[in-house]
Amino acid sequence: MPAIEVGRVCVKTAGREAGEKCVVVDIIDEKFIEVVGSSVKNRRCNIQHLEPLDQKIEIKSEDPEEIKKELEALE
């Protein structure tokens, strides 16, 4: 299983955004990370509610819109 790290592309498995792709932008602690995605709001997320994928993107800026564009370029 791929590690949870900044830039890792994941799929949410719980909540109203379940099934949506997102990218890890920050690791808060051992249970929570911050994610953002094209249809996922920039928010804190429980690591248990994510399925990491093999894809990873390089995060070049803090701007959520830039990160969303990078993610969409993968799909």
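In this structure, R44 CZ and D29 CG are separated by 7.5 Å, a value rounded to the nearest 0.5 Å. Distance CG/N46 to CZ/F32: 5.0 Å, rounded to 0.5 Å. In this structure, the separation between SG on C22 and CZ on R43 is 10.5 Å, given to the nearest 0.5 Å. For the atom pair CG (L74) and CD1 (I57), the distance works out to 6.0 Å, reported to the nearest 0.5 Å. We find the CD-OG1 distance between Q48 and T13 to be 9.0 Å, quoted to the nearest 0.5 Å. To the nearest 0.5 angstrom, I33 atom CD1 is 11.5 Å from H49 atom NE2.
At a threshold of 4.5 Å between non-hydrogen side-chain atoms, the residues E70 and E58 do not count as touching. Under the 4.5 Å side-chain criterion, counting only non-hydrogen atoms from C-beta, C10 is in contact with V24. Within the 4.5 Å cutoff, the side chain of I47 has no heavy atoms near those of the K31 side chain. The closest side-chain heavy-atom distance from I59 to V23 is below 4.5 Å.
S38 places no side-chain N or O within donor-acceptor distance of the main-chain N or O of K68, the cut-off being under 3.5 Å. Without hydrogens or angle criteria, D26 side chain to I28 main chain gives no donor-acceptor distance under 3.5 Å.
For residues 3-16, the pairs satisfying salt bridge (Lys or Arg N to Asp or Glu O under 4.0 Å) are E5-R8, E5-K56, K12-E17, with sequence neighbours left out.
Connection of I27 to L50 is established within a shared hydrophobic cluster, with ILVMFWY side chains joined at heavy-atom distances below 4.5 Å, either directly or through further cluster members.
In this structure, a donor-acceptor pair under 3.5 Å is present between the side chains of S39 and E20.
Under the side chain to side chain contact (heavy atoms under 4.5 Å, CB included) criterion, N42 pairs with V25, E34, V36, P64, sequence neighbours left out.
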